[in-house]
Amino acid sequence: MRSIWNGAISFGLVSIPVKLVNATESHSISFRQIHSEDNGRIRYRKVCELDDREVSTAEIGKGYEDADGTVIPITDEDLAHLPIPTTRTIEIVAFVPADRIDPLQMGTAYYLAVGAAAAAKPYTLLREALKRGNRVAVAKYALRGRERLGMLRVVGDALTMHGLLWPDEVRAPEGVAPDEKVTVRAKELDLADALMETLGDVDLDDLHDEYRAALEEVIAAKAAGEALPMAPEPDTGGKVLDLMAALENSVRAARESRGDGKAPERAPEKRTAGKKAPAKKTTEKKTTEKKAGEKGAAEKKAAAEKVTGKKAAERKPPARRTAQRSAQGSAQKTAAQEERKSGRKPPAKKAAPRKTPA
């Protein structure tokens with residue numbers, strides 16, 4: 001990788017010679033401007049307006065246009081005399097926790113490579129200190145004609161620097177959030193959480209630029225004179241007004257795409273009076289109640305038999321009293337038989353006097 005800047009990292013009295021290397025690259029497909037009639041290239045030529053001729057890159061320099069239109073030429077030698085220490089130095093001004101850096105400020109990323117063999121020891125020292133302290137370094141540096149703000153952090157075994165916007169270059173989000181007061185229900189949050197859990201786990205290495213792949217397919221078909229691939233039909237489904245239904249369908253679709261056909265679980269609702277429980281639970285409950293009833297009936301029956309036997313035992317007359325009653329009955333029976341043999345009738349019982357109505 002070709003370095004785009006040479007200088008040194010400075011913190012305290014420690015200086016580390018480094019080279020700045022681009023950490024990212026663009027894979028986007030670029031187009032040329034052409035003349036539609038004959039496919040001729042459209043080119044922009046750099047022409048000096050005084051000489052009215054095209055000039056080469058080597059002949060082009062920098063200049064500042066004053067308010068009155070006067071152009072003041074500025075050379076690289078002039079820039080080398082800038083009265084700041086960051087012209088060739090990445091000057092670390094602070095070490096802070098990583099969460100202190102607003103992601104809105106982060107821009108282009110660079111790798112910092114050692115610029116000399118002697119830089120290996122201080123380079124490693126800075127890297128390990130950042131690791132152990134779980135911090136990042138905030139630094140100033142000059143690049144392409146202006147002083148910039150940067151953040152140094154550890155990536156693997158290398159030091160990386162992210163260009164940062166100055167705090168006053170980040171706009172406040174005024175007028176962006178909706179002005180309407182909206183109430184979000186707990187059930188909607190539960191479904192949103194379920195959707196985030198389903199979609200939240202992804203291997204970033206599996207993500208790729210589908211637009212670029214489709215564009216390459218169109219270009220290849222065009223170059224080969226083949227039929228262009230068919231574009232998918234746009235989604236013309238009706239507007240979903242029910243947020244709960246949209247969330248449930250999203251969770252279901254996400255789980256099906258990952259091979260999990262389990263339906264989303266809705267938040268528990270309050271049961272109304274008279275609402276039946278699920279059939280499975282009712283069956284299990286009835287079975288349990290039936291067994292408990294049978295057990296209770298058996299226990300009640302045993303207890304009843306025990307009580308009945310006890311009461312029967314209490315009602316049973318003593319043996320002596322029973323014998324006396326049996327002897328009296330036999331004597332009365334014998335007397336009645338003798339009276340029938342002699343022809344005597346037993347004295348009639350006196351009837352109770354009847355009342356005569358007045």
Side-chain angles (χ1 to χ4, degrees), residues 1-28 30 60-64 74-174 176 204-205 207 209:
M1 293 184 286
R2 186 174 61 88
S3 63
I4 61 173
W5 181 91
N6 293 336
I9 300 174
S10 172
F11 66 105
L13 298 177
V14 179
S15 180
I16 311 171
V18 292
K19 297 178 180 180
L20 204 63
V21 179
N22 282 320
T24 61
E25 58 185 3
S26 175
H27 291 162
S28 61
S30 59
I60 299 174
K62 299 182 181 71
Y64 175 78
I74 302 295
T75 65
D76 291 340
E77 184 179 353
D78 295 333
L79 295 176
H81 288 81
L82 289 174
I84 57 174
T86 56
T87 52
R88 284 292 170 185
T89 304
I90 300 173
E91 183 182 7
I92 296 177
V93 296
F95 294 91
V96 299
D99 57 7
R100 285 274 303 277
I101 304 299
D102 188 345
L104 286 174
Q105 293 182 253
M106 297 179 66
T108 307
Y110 306 95
Y111 287 133
L112 294 171
V114 292
K121 182 65 178 288
Y123 184 99
T124 304
L125 173 65
L126 176 59
R127 181 190 67 197
E128 296 304 316
L130 290 174
K131 277 185 181 180
R132 188 170 71 172
N134 195 23
R135 297 188 176 193
V136 297
V138 178
K140 291 182 178 180
Y141 66 102
L143 182 65
R144 298 189 180 98
R146 55 171 292 195
E147 187 177 51
R148 302 169 186 267
L149 192 63
M151 178 191 73
L152 277 66
R153 69 186 184 98
V154 179
V155 177
D157 290 332
L159 290 174
T160 305
M161 184 172 69
H162 294 266
L164 298 179
L165 297 174
W166 296 97
D168 59 359
E169 293 180 316
V170 179
R171 299 172 61 184
E174 296 178 357
V176 178
L204 296 180
D205 292 334
L207 302 179
D209 187 353

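Because only heavy atoms are used, hydrogens play no part in the values below, and waters and symmetry mates are left out as well, while side chains stay in.
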Looking at OG of Ser10 and CD1 of Ile92, how far apart are the two atoms once the value is rounded to the nearest 0.5 Å? 7.5 Å
Between Arg148 and Leu143 (side chain of the first, backbone of the second, donor and acceptor by atom type, cut-off under 3.5 Å), is there such a pair? yes
Inter-residue atom distance His162.NE2 - Met151.CE, 0.5 Å rounding: 4.5 Å
For Gln105, does its backbone N or O pair with a side-chain atom of Trp166 as donor and acceptor, under 3.5 Å? no
Verify, without hydrogens or angle tests, whether Tyr141 (side chain) and Ile9 (backbone) share a donor-acceptor contact under 3.5 angstrom. no
Calculate, to the nearest 0.5 Å, the distance between atoms CG and CG belonging to Leu207 and Asp205 respectively. 8.5 Å
Heavy-atom donor-acceptor pair, Tyr123 side chain to Leu112 backbone, under 3.5 Å: yes
Salt bridge (Lys or Arg N to Asp or Glu O under 4.0 Å) pairs, two or more places apart, involving residues 154-163: Lys131-Asp157
Does a side-chain N-to-carboxylate-O contact under 4.0 Å join Lys62 and Asp76? yes
Is there a donor-acceptor contact under 3.5 Å from the side chain of Asp102 to the main chain of Leu104? yes
Drop me the distance from Leu164's CG to Met161's CE, to the nearest 0.5 angstrom. 9.0 Å
What's the separation between atom CZ in Arg132 and atom CZ in Arg135, rounded to the nearest 0.5 Å? 11.5 Å
Answer yes or no: is there a donor N or O on one side and an acceptor on the other, between the side chain of Arg88 and the main chain of Asn6, under 3.5 Å? yes
For Glu77, does the CD atom sit with more than 12 other heavy atoms under 6.0 Å from it, leaving out its own atoms? no
